[in-house]
**Student:** 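My questions all concern the structure below.
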There are 2 protein chains.
Amino acid sequence: MGKGESTRTAILDEATELASLVGLGGLTIGTLAAATKLSKSGLYAHFASKEALQVEVLQHARERFTDVVMRPTVATPRGEPRVREFFDRWITWQSTAFDGGCIFVDAASEFDDQEGPVRDELVRAERDKLESLTLIVGTAVGEGHFRADVDPEQFAYELEGIVLAHHHARRLMRDGRAEERARRAFDRLIDDCRAVARSA
Amino acid sequence: MGKGESTRTAILDEATELASLVGLGGLTIGTLAAATKLSKSGLYAHFASKEALQVEVLQHARERFTDVVMRPTVATPRGEPRVREFFDRWITWQSTAFDGGCIFVDAASEFDDQEGPVRDELVRAERDKLESLTLIVGTAVGEGHFRADVDPEQFAYELEGIVLAHHHARRLMRDGRAEERARRAFDRLIDDCRAVARSA
DNA sequence: TCTATAAAAGCACGATCGTTCGGTCAGAAC
DNA sequence: GTTCTGACCGAACGATCGTGCTTTTATAGA
């Protein structure tokens with residue numbers, strides 16, 4: 001890895017951290033330059049524009065997500081264990097990957113109304129994650145761990161809800177029991193997928 | 001209502017709308033002045049600072065929430081019907097109250113790491129809503145509509161998750177079936193509260 | 001060691017940020 | 001008719017924004 005590439009990575013690391021605190025939009029070249037001990041122009045030479053930087057920050061974070069969540073997940077036994085692993089790692093990711101909030105959650109509310117490459121990248125990342133999750137759940141159905149009429153997309157939707165509630169409770173409300181509550185919600189979700197039938 | 005007070009309200013209305021599109025932090029005095037057809041200084045005379053404006057925007061939105069969600073909810077029969085009413089109105093609120101995303105959701109990710117009066121107001125609003133919801137669920141338990149071992153706080157946590165998932169799916173992913181999914185998730189939640197016992 | 005090239009700095013630009021201040025102009029109070 | 005007040009505006013402040021250009025410094029290959 002050449003000099004340029006290594007500073008580039010360092011910039012993106014720092015930018016990810018900063019963006020998790022002040023948001024992707026709140027990120028400024030000036031503060032990022034100060035944080036990386038570079039001049040504004042020196043830093044700027046690495047990127048075509050601020051918008052391009054924002055997109056690259058998202059891609060950078062996405063690679064990390066793949067490394068610490070996705071890859072270990074697909075390496076565990078298929079079916080329910082894999083679903084559990086995914087959930088575990090996802091929750092842990094949200095608590096440990098950033099000083100601030102998860103930049104995907106933060107950026108989602110920030111850019112959901114702002115058309116452009118940043119929003120596009122966000123949607124791409126989310127769709128990717130959703131597809132993987134749907135597949136993982138579908139496999140659990142195929143393995144017979146979950147009922148046949150379990151809707152993987154609905155499962156993914158509800159799991160996302162649990163994770164978002166966890167993020168909300170933990171970061172805004174600073175609820176010490178946020179993770180415990182998330183686990184209870186997840187257990188209920190899993191439980192309903194295993195049960196033979198639901199009450200009328 | 002005097003002249004000053006009415007323009008003040010008009011400013012807050014417009015500010016709420018704008019903030020839902022670009023975030024509370026993305027809101028600027030200049031664009032807000034242009035949107036309200038006032039000069040920057042003319043507008044600014046109504047508020048002590050931008051931060052004070054942000055806080056007032058949140059309070060303004062909170063009053064609207066009380067009007068269109070809370071008040072009609074507590075006017076419906078106690079127990080499960082009231083819980084359903086709350087959910088219905090909350091979901092509708094998120095879809096219709098703003099052009100952009102719900103400013104509480106947006107602001108929550110934006111300010112969860114930024115100490116100050118804006119964050120404080122956010123926490124206050126959230127705590128308020130959570131308390132009301134917990135009470136409403138508790139009543140449903142008291143009425144015998146829900147099982148006695150239902151944990152109202154856990155219920156509130158999971159309901160918030162459903163609403164957040166709905167917001168996420170609807171605004172970022174533009175999923176047309178977001179609301180249908182939310183309703184299914186809610187029905188499952190209610191169902192589990194009524195069931196006599198859960199499978200092992 | 002010399003040189004070609006890559007990396008970072010220096011400096012400056014136009015724009016916009018939040019904020020302040022002096023002023024105008026209508027209407028109410030006296 | 002004068003004074004006072006509330007509502008608003010125009011201009012400007014210093015700071016910072018994103019973004020270029022030019023120059024210096026560091027690095028790597030011969």
Side-chain angles (χ1 to χ4, degrees), chain A residues 1-19 21-58 60 103 106-107 110-111 114-119 121, chain B residues 1-19 21-58 60 103 106-107 110-111 114-119 121:
Chain A
M1 183 158 70
K3 180 77 172 17
E5 201 180 340
S6 88
T7 48
R8 212 185 138 85
T9 306
I11 291 171
L12 287 175
D13 279 337
E14 189 64 46
T16 307
E17 212 55 63
L18 240 89
L21 290 168
V22 296
L24 259 188
L27 195 72
T28 70
I29 308 287
T31 57
L32 183 55
T36 53
K37 295 187 168 71
L38 284 176
S39 68
K40 276 209 298 177
S41 50
L43 180 148
Y44 202 72
H46 290 274
F47 306 94
S49 68
K50 187 190 174 181
E51 199 174 49
L53 168 66
Q54 292 172 323
V55 171
E56 290 204 47
V57 167
L58 285 177
H60 189 66
I103 63 161
D106 290 356
E110 224 184 321
F111 286 87
Q114 306 189 43
E115 235 60 49
V118 177
R119 199 198 122 93
E121 174 63 28
Chain B
M1 183 158 67
K3 183 77 179 358
E5 201 179 341
S6 86
T7 46
R8 212 186 137 84
T9 306
I11 292 171
L12 287 175
D13 279 337
E14 189 62 47
T16 307
E17 213 54 65
L18 255 147
L21 289 168
V22 297
L24 260 188
L27 194 72
T28 71
I29 307 288
T31 57
L32 183 55
T36 52
K37 296 187 168 74
L38 284 175
S39 67
K40 277 208 297 176
S41 50
L43 181 149
Y44 204 72
H46 290 273
F47 306 93
S49 68
K50 187 190 175 181
E51 198 175 49
L53 169 65
Q54 292 172 323
V55 171
E56 290 203 46
V57 167
L58 286 178
H60 190 64
I103 63 162
D106 290 357
E110 223 185 320
F111 286 89
Q114 306 190 41
E115 235 59 51
V118 177
R119 198 198 123 93
E121 175 63 29

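Small disclaimer: the values here were computed from a predicted structure and weren't measured. Order of the sequence lines fixes the chain letters, A, B, ..., with proteins taken first and strands second; residue numbering starts at 1 for each chain. Just so you know, these numbers use all the heavy atoms, side chains as well, and skip hydrogens, waters and symmetry mates.
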**Student:** With a 4.5 Å cut-off on side-chain heavy atoms, are B:F47 and B:V55 touching?
**Tutor:** no
**Student:** Would you say the side chains of B:S6 and B:T9 form a donor-acceptor pair under 3.5 Å?
**Tutor:** no
**Student:** Is a donor on one side and an acceptor on the other found under 3.5 Å between the side chain of A:K50 and the backbone of A:L27?
**Tutor:** yes
**Student:** In residues 34-48 of chain B, which residues come under 4.0 Å of DNA chain C by heavy atom?
**Tutor:** B:K40, B:S41, B:Y44
**Student:** Taking the side chain from A:E17 and the backbone from A:D13, do they hold a donor-acceptor pair closer than 3.5 Å?
**Tutor:** no
**Student:** Nearest whole angstrom, please: distance from the P of C:dG10 to the CD1 of A:I29.
**Tutor:** 17 Å
**Student:** How long is the span from the CD atom in B:E121 to the CG atom in B:L24, to the nearest 0.5 Å?
**Tutor:** 10.5 Å
**Student:** Near DNA chain D, under 4.0 Å by heavy atom, which residues of residues 49-57 of chain A?
**Tutor:** A:S49, A:K50
**Student:** Output yes when a side-chain donor or acceptor of A:E110 lies under 3.5 Å from a complementary backbone atom of B:E110, and no otherwise.
**Tutor:** no
**Student:** Between B:V57 and B:I103, is the side chain to side chain contact (heavy atoms under 4.5 Å, CB included) condition met? List the steps.
**Tutor:** CA-CA 9 Å; B:V57 167; B:I103 63 162; 4.1 Å; yes
**Student:** Check whether any side-chain N or O of B:Q114 sits under 3.5 Å from a backbone N or O of B:R119 as a donor-acceptor pair, and report yes or no.
**Tutor:** no
**Student:** Indicate, with a heavy-atom threshold strictly under 4.0 Å, whether B:L27 touches base, sugar-phosphate, or nothing.
**Tutor:** sugar-phosphate
**Student:** Run B:S49 and B:Y44 through side chain to side chain contact (heavy atoms under 4.5 Å, CB included) and show every step you take.
**Tutor:** CA-CA 8 Å; B:S49 68; B:Y44 204 72; 4.1 Å; yes
**Student:** If you walk 5' to 3' along DNA chain D, what is the first nucleotide with an atom under 4.0 Å of a heavy atom in chain A, and what is the last?
**Tutor:** D:dC17 to D:dG20
**Student:** Answer yes or no: is there a side-chain heavy-atom contact under 4.5 Å between A:L53 and A:L32?
**Tutor:** yes
